[in-house]
Amino acid sequence: MALTIQQKLANLHAAEEAGKAALADLLNPATGESISPDRPAFDVASKTVYANVDGKLVRSRPVIIQAPKAGS
């Protein structure tokens, strides 16, 4: 049975809320391990760096700088 548009939107909103809760949990030491203010965390799956900046979650993509090839 196919989902209706309203059911799909409800699923989308539930996923957004779960995502927001999961992101907020990255900074919550009461629930276990959290990101320390001085130590960013790298997520290999999304290739994203998460950092705790003044109690706020900051996400960024790392910049990869190509090193010049050494001549022999």
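Every heavy atom of this structure was used, including side-chain atoms; hydrogens, water molecules and symmetry mates were not. Here the structure is a predicted model, which means the values were calculated and not measured.
Remark: the T48 side chain and the D43 side chain contain no N/O donor-acceptor pair separated by less than 3.5 Å.
K47 and P62 make their closest contact through O-CD, 3.4 Å (heavy atoms, listed as atom of the first residue, atom of the second, distance).
Considering only heavy atoms from C-beta on, L57 comes within 4.5 Å of Y50 through its side chain. Annotation: side chain of T4 is in contact with side chain of Q7 (closest heavy-atom distance under 4.5 Å). Between P40 and V49 the shortest side-chain heavy-atom distance falls below 4.5 Å.
In the hydrophobic clustering of this structure, I35 groups with L23; members are Ile, Leu, Val, Met, Phe, Trp, Tyr whose side-chain heavy atoms approach within less than 4.5 Å, directly or through other members.
Heavy-atom neighbours of E16 CD from other residues, nucleotides or ligands within 6.0 Å: above the threshold of 12. Counted within 6.0 Å of CG on L3, heavy atoms from surrounding residues, nucleotides or ligands total more than 12; the atom is thus considered enclosed.
The backbone N or O of S46 lies less than 3.5 Å from a partner atom in the side chain of R61, making a donor-acceptor pair.
The structure places CG of N28 at 5.5 Å from CG of D25, a figure rounded to the nearest 0.5 Å. Here the CD atom belonging to E33 is positioned 10.0 Å from the CG atom belonging to L26, to the nearest 0.5 angstrom.
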